[in-house]
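The block underneath contains the structure these notes are about, expressed in structure tokens.
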Protein chains: 2
Amino acid sequence: MKKSNSKQPLDSAYVCGHEDPDAVRELLTKVGDKWSIFLILTLAKLPDMRARFSELERAIPGVSQRMLTLTLRTLERDGLLTREMFPEVPLRVEYELTPLGRSLLRPMQGLVDWVTENWKLVKQARTAFGDAR
Amino acid sequence: MKKSNSKQPLDSAYVCGHEDPDAVRELLTKVGDKWSIFLILTLAKLPDMRARFSELERAIPGVSQRMLTLTLRTLERDGLLTREMFPEVPLRVEYELTPLGRSLLRPMQGLVDWVTENWKLVKQARTAFGDAR
DNA sequence: CGGCATCCGTTCCGATACTG
DNA sequence: CAGTATCGGAACGGATGCCG
């Protein structure tokens, strides 16, 4: 049972009336993460939405091995992708988007599209803000 | 002129073929930010998409005064909202979403909706992952 | 090849105190 | 009321080395 706050004039505190703001907040931060977005979108562009570690590493410019590993672990833990290991030589590990991960594609792409369409406007706004200051 | 990398097997490196991956990356991190999302969505729910500082502070549970100020400054700088000060006593400052900020509403809401619909599945996946480990 | 462990500088962010 | 300034802990994240 949560404590209710009767003083709040704005109910948007709970993000469109959601019951567990902390959970939503935590998950939003996670799916809004820079590397998570790049990783998921990179996998999404492949025919089978599947790739091995080294492919992802080369496909995502600027990602360190450490961050790639950590991000992959988190997404696997959250059920957004699967990890499959083939004990060959050399070792091969493949990652693939789950249905849950694929369901995230549409909203995530929406955000990326907005950025793609509007980042120049944002740049202009920054310049204007700097000039006015 | 950017250097071309002919060895890359995956072109998704540039986020759906975008020209400036760094800019997109930076902006994605920003609009994917926890407090930015809460702030924009909180404003969006108001009739005039406008509120004063203290309203926002009370409406967004867990936000510190410092983070609210910083987030507001960033969003103002990026042209997503405006700041208007009324030199009364007591002082009053109002923030309002710009057209650019409003255009971000739809994609952002899409992400929030996904989280709202699927966070329980994610929680289950985490439990299963912990058990299997 | 695909990791994990460690170190270590940087950034983030909450708490606190103070101001117009 | 709406900030700014400062401090210190926590988290982030790159570099490096080692291993199955």
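Numbers restart at 1 for each chain; the letters A, B, ... are given by sequence-line order, proteins then strands. Being a predicted model, the structure only gives us computed values, none of them experimental.
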Original post:
Starting at the 5' end of DNA chain D and moving along, which residue's nearest nucleotide shows up first, R66(A) or L91(B)?
Top reply: L91(B)
Original post:
Quick one: on DNA chain C, does L70(B) or Q65(B) contact a more 5' nucleotide (nearest heavy atom)?
Top reply: L70(B)
**OP:** Measure from NZ or CZ of R77(B) to the centre of the six-membered ring of F129(A) and say whether it is under 6.0 Å with the direction within 45° of the ring axis.
**Re:**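 No, a cation-pi geometry is absent between R77(B) and F129(A).
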Does [X] [atom1] have over 12 foreign heavy atoms under 6.0 Å away?
X       : atom1 : answer
R83(B)  : CZ    : yes
K123(B) : NZ    : no
R126(A) : CZ    : yes

Original post:
Taking 4.0 angstrom as the limit, do R102(B) and E96(B) come out as a salt bridge?
Top reply: yes
Subject >> Electrostatic pair E84(A):R50(A) at N-O distance under 4.0 angstrom >> reply: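 Looking at E84(A) and R50(A), the cut-off is met.
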Original post:
Roughly how bent is the helix from dC1(C)-dG20(D) to dG20(C)-dC1(D) end to end, in steps of 10 degrees, with each end axis from five pairs?
Top reply: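 Between the axes fitted at each end of the helix from dC1(C)-dG20(D) to dG20(C)-dC1(D) lies an angle of 50°.
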**OP:** Looking at every strand, decide which applies to Y95(A) at a 4.0 Å heavy-atom threshold: base, sugar-phosphate, or nothing.
**Re:**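 Sugar-phosphate contact only.
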Subject >> Sidechain-backbone polar pair: Q109(B) side chain, R106(B) backbone, donor-acceptor under 3.5 Å >> reply: no
**OP:** Taking T71(B) for its side chain and S36(B) for its backbone only, find out whether a donor-acceptor pair lies under 3.5 Å.
**Re:**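 Side chain of T71(B) to backbone of S36(B): no pair is present.
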**OP:** Could you tell me from which nucleotide to which nucleotide of DNA chain C, 5' to 3', there is an atom under 4.0 Å from chain A heavy atoms?
**Re:** dC1(C) to dT6(C)
**OP:** Identify the 5'-most and 3'-most nucleotides of DNA chain D with at least one atom closer than 4.0 Å to a non-hydrogen atom of chain B.
**Re:** dC1(D) to dT6(D)
Original post:
Between L91(A) and F86(A), does a side-chain contact (heavy atoms from CB on, under 4.5 Å) hold up when you go through it step by step?
Top reply: CA-CA 6 Å; L91(A) 184 61; F86(A) 303 88; over 6 Å; no
**OP:** Please lay out, stage by stage, how L97(B) and T82(B) fare under the test side-chain contact (heavy atoms from CB on, under 4.5 Å).
**Re:** CA-CA 6 Å; L97(B) 286 185; T82(B) 57; over 6 Å; no
